[in-house]
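Below: the structure, in structure tokens.
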Amino acid sequence: MTEDSRAEARSEGLDFIRAIVAEDLATGKHASIVTRFPPEPNGYLHLGHAKAICLDFGLAREIPNSRCHLRFDDTNPATEETEYVDGIMNDVRWLGFDWKKHLYYASDYFEQLYEWAVALIRMGKAFVDDQTPDEIRANQGSLTEPGRESPFRGRSVEENLDLFARMRAGEFPEESRVLRAKIDMAASVVAMRDPILYRIQHKAHHRTGTTWCIYPMYDFAHPLSDAIEHVTHSLCTLEFLDHRPLYDWLIEQLPVPSRPRQIEFARLNVTHTITSKRFLKRLVDEGFVTGWDDPRMPTIAAMRRRGYPARALREFCDAIGIAKRDNLIELANLEFHVRQALNQEALRRMAVLDPIKLVIENYPEGQEESLDAINNPEDPGAGTRKVPFSREIWIEREDFMEDPPKKFFRLSPGKEVRLRYAYFVTCQSVVKNAEGEIVELRCTYDPATRGGDAPDGRKVKGTLHWVSARHAVAAEVRLYGTLFKDEVPDPHAPGGLGAALDPDSLRVVERAWLEPALAEAAPGERFQFERLGYFCADPDGRPDRPVFNRTATLRDTWAKVAKQGGAE
RNA sequence: UGGGGCGUCGCCAAACGGUUAAGGCAGCGGCCUUUGGAGCCGCCAUCUGUAGGUUCGAAUCCUACCGCCCCAACCA
């Protein structure tokens with residue numbers, strides 16, 4: 001890279017990590033890069049991971065001859081399961097990224113890591129500590145006071161070697177001993193106060209089974225795994241910044257095959273959601289949601305089921321950028337990208353969620369016809385379809401007002417509107433039940449307006465979606481709101497996790513009416529229900545009873561006008 | 001309180017001492033429209049946490065304050 005192109009790269013406003021990479025390429029420090037996405041298989045991936053994935057894989061994709069590894073950070077058998085490994089791989093792939101042959105597990109390196117631990121002992125830089133967890137904690141000091149050295153810190157290399165070997169051999173119970181680095185109990189960075197490298201866990205590991213009963217800690221395994229894989233740029237979130245001195249210390253002490261560099265960026269926060277695997281797991285375990293893929297969850301699996309396109313997630317991550325300052329992205333920003341992608345891709349269909357019957361008095365009883373409807377005005381290639389029309393149709397209850405305000409240009413007594421792709425109809429009368437509720441609208445239509453245009457050139461202000469009653473398919477439709485009621489949910493709220501949840505996060509429409517073309521929608525298929533929003537067929541649906549999830553509403557200018565007083 | 005990170009428009013985020021401080025989201029006007037959708041056009045920081053200083057020139061350098069976040073799991 002020349003001076004000029006470097007300046008150009010700068011002027012393009014690269015984020016600070018891409019700027020560092022560009023610099024490393026420019027100076028010749030690296031000819032290509034290797035990144036890694038290192039999830040722990042103890043839960044499903046969420047929006048925050050999506051940001052990391054887009055960064056790790058996206059960056060590698062941008063630089064010629066570079067790659068990104070998928071490495072499972074499986075150093076804690078107590079919480080990790082194969083189910084999560086499979087889920088994570090599925091989610092990364094769905095997001096649109098490919099690790100090719102570069103699938104790794106920290107557990108693949110257990111033997112090498114053990115040898116390096118032994119090497120540290122030989123150098124006199126690690127020791128076996130017999131203190132209890134409580135003692136270790138008590139001797140750790142505080143943020144303002146230094147810690148105290150372990151009474152076992154002075155053990156001979158031989159004794160340490162012997163003890164560590166016997167730890168591995170399974171001679172000791174859990175919590176009886178740990179291997180610690182010998183650094184500095186007075187360090188102002190707590191992570192450097194003789195950090196624990198290995199602990200005893202008599203637990204089966206999802207991959208190594210019972211081969212091991214000692215497991216390396218993240219702080220030990222991570223930098224060394226990066227080095228083994230020749231990772232050049234090890235990107236992680238800001239909370240690991242304090243661990244970098246230890247990361248670098250280990251890389252310096254040991255004869256590792258490469259010297260990776262850790263760089264930290266700010267984690268993603270989005271309003272009305274939580275990106276903490278721990279709390280998401282509680283929502284699942286405590287039954288607040290139906291599972292990790294409950295469409296209200298911020299997990300990748302849930303967003304997929306809800307109907308968010310992978311592309312929308314990628315573009316969202318792109319748009320929010322990478323920086324080091326704390327951030328709180330408005331949910332509207334995510335929704336914008338979801339709508340933008342869906343507007344371009346989703347086929348249009350008609351569906352009525354809150355039906356009221358409209359009878360066309362002058363339309364011949366028993367007659368029906370097939371009308372042409374455009375599948376996607378944003379994509380001429382999507383073609384057209386036939387929609388059946390008949391004398392009795394369902395329209396949205398909300399599209400009629402008996403005593404409408406000035407700016408309401410939908411249906412009301414005496415008013416003429418267009419039924420999309422069909423005819424102009426005029427409301428002649430309103431039928432009510434004994435309780436005074438509107439049960440039916442009696443209208444007349446103008447046969448000359450077939451298709452939706454008047455030959456005499458007269459205009460109507462409103463266009464309504466509709467479904468022919470005789471041909472309608474009944475479906476269940478699930479309407480989602482935010483899972484949490486506050487912009488910044490407090491999982492520690494007084495009433496428990498449940499108290500932070502929005503009671504209106506799920507509304508089920510038991511019987512919505514769909515146009516027939518929707519009957520055979522396969523799970524995962526996404527549509528725009530005209531004038532209502534984007535919907536995605538859910539796997540819960542059966543052939544005789546489809547189920548749709550509302551992915552997002554359409555922007556609703558009328559709602560805004562009505563709110564501002566236009567509806568008075 | 002020890003250490004560290006960060007403070008640019010309501011929310012993100014560029015700007016790397018030198019034109020009127022990019023762009024996106026949100027918002028607000030208008031045009032257009034067989035989705036009150038989409039699209040299009042326009043408006044939206046004389047100002048960069050605060051106060052001083054250096055400089056011909058500062059969001060960018062210096063000093064001091066103020067504020068927010070992270071670190072004391074045998075989690076990652």
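Below, chains carry the letters A, B, ... as their sequence lines are ordered, and counting in each starts from 1.
Spacing between B:rC75 and B:rG67 at atom C1', rounded to whole Å, works out to 31 Å. If you take atom C1' in B:rG18 and the same atom in B:rG7, they sit 25 Å apart, rounded to whole Å. When the P atom is used for both B:rC71 and B:rA14, the distance is 24 Å, rounded to whole Å. For the P atoms, the distance linking B:rA15 with B:rG23 amounts to 14 Å, nearest Å. As rounded to the nearest Å, B:rC25 and B:rG42 have P atoms that lie 14 Å from one another. A distance of about 8 Å separates the C1' atoms of B:rG27 and B:rC44, rounded to the whole Å.
Note: A:F110 and A:H205 meet the aromatic proximity criterion, with ring centroids under 6.0 Å apart. Checked against the 6.0 Å centroid criterion, the rings of A:F240 and A:Y218 qualify as a close aromatic pair. Between A:F408 and A:W558, the distance from one ring center to the other falls under 6.0 angstrom.
Taking only side-chain atoms of A:K560, from C-beta outward, the nucleotide of B:rG4, B:rC25, B:rC28 with the closest atom is B:rC28. The side chain of A:R555 lies closest to B:rG37 when the candidates are B:rG37, B:rC12, B:rA76. With B:rC12, B:rG2, B:rA76 as the candidates, the nucleotide lying closest to the side chain of A:I320 is B:rC12. The side chain of A:R348 approaches B:rG37 more closely than any other nucleotide in the set B:rG36, B:rA76, B:rG37. When each of B:rC75, B:rU35, B:rG36 is scored by its nearest atom to the side-chain atoms of A:E40, the top-ranked nucleotide is B:rC75. With distances taken from any side-chain atom of A:D15 to the nucleotides B:rA14, B:rC74, B:rC12, the minimum falls on B:rA14. For A:L241, the listed nucleotide lying nearest its side chain is B:rG4; candidates were B:rG3, B:rA76, B:rG4. Of the candidates B:rC11, B:rC12, B:rA72, B:rC11 carries the atom nearest the A:E330 side chain, counting heavy atoms from C-beta on.
For A:R199, a side-chain nitrogen or oxygen approaches OP1 or OP2 of B:rC75 to under 4.0 Å. Under 4.0 angstrom from either OP1 or OP2 of B:rA76 there lies at least one side-chain N or O belonging to A:T75. Contact between the side-chain N/O atoms of A:R137 and the OP1/OP2 oxygens of B:rA72 is not found at any separation under 4.0 Å. A sub-4.0 Å separation between OP1 or OP2 of B:rG37 and a side-chain N or O of A:T557 is present. For B:rG7, neither phosphate oxygen OP1 nor OP2 lies less than 4.0 angstrom from any side-chain nitrogen or oxygen of A:K324. An OP1 or OP2 oxygen of B:rC68 is reached within less than 4.0 angstrom by no side-chain nitrogen or oxygen of A:R325.
Aromatic ring pairs are classed by plane angle as parallel below 30°, tilted from 30° to 60° and perpendicular above 60°; the pair A:W466 and A:F389 is perpendicular.
Comparing A:S188 and A:L554 by the nucleotide of RNA chain B that holds the closest heavy atom to each, the one mapping nearer the 5' end is A:S188.
Figure legend: cation-pi geometry between A:R207 and A:Y105, with NZ or CZ positioned under 6.0 Å from the six-membered ring centre and within 45° of its axis.
Against RNA chain B, the stretch residues 373-383 of chain A makes heavy-atom approaches under 4.0 Å through A:P377, A:E378.
For A:D130, the side-chain hydrogen bond (donor to acceptor under 3.5 Å, both in side chains) partners at least two apart in sequence or on another chain are A:R155, A:R177.
Because its glycosidic torsion is more than 90° from 0, B:rA59 is reported here as anti.
Across all strands, A:A323 comes closer than 4.0 Å only to sugar-phosphate atoms, never to a base (heavy-atom distances).
Under the 4.0 Å criterion applied to side-chain N and carboxylate O atoms, A:K277 and A:E40 are not assigned as salt-bridge partners.
Stacking here means ring centres nearer than 5.5 Å and ring planes tilted less than 30 degrees, and by that measure A:W558 stacks onto B:rG36.
Distance alone, capped at 3.5 Å, places no donor-acceptor pair between the A:T384 side chain and the A:D372 backbone. Checking side-chain atoms of A:D194 against main-chain N and O of A:I183 turns up a donor-acceptor pair under 3.5 Å.
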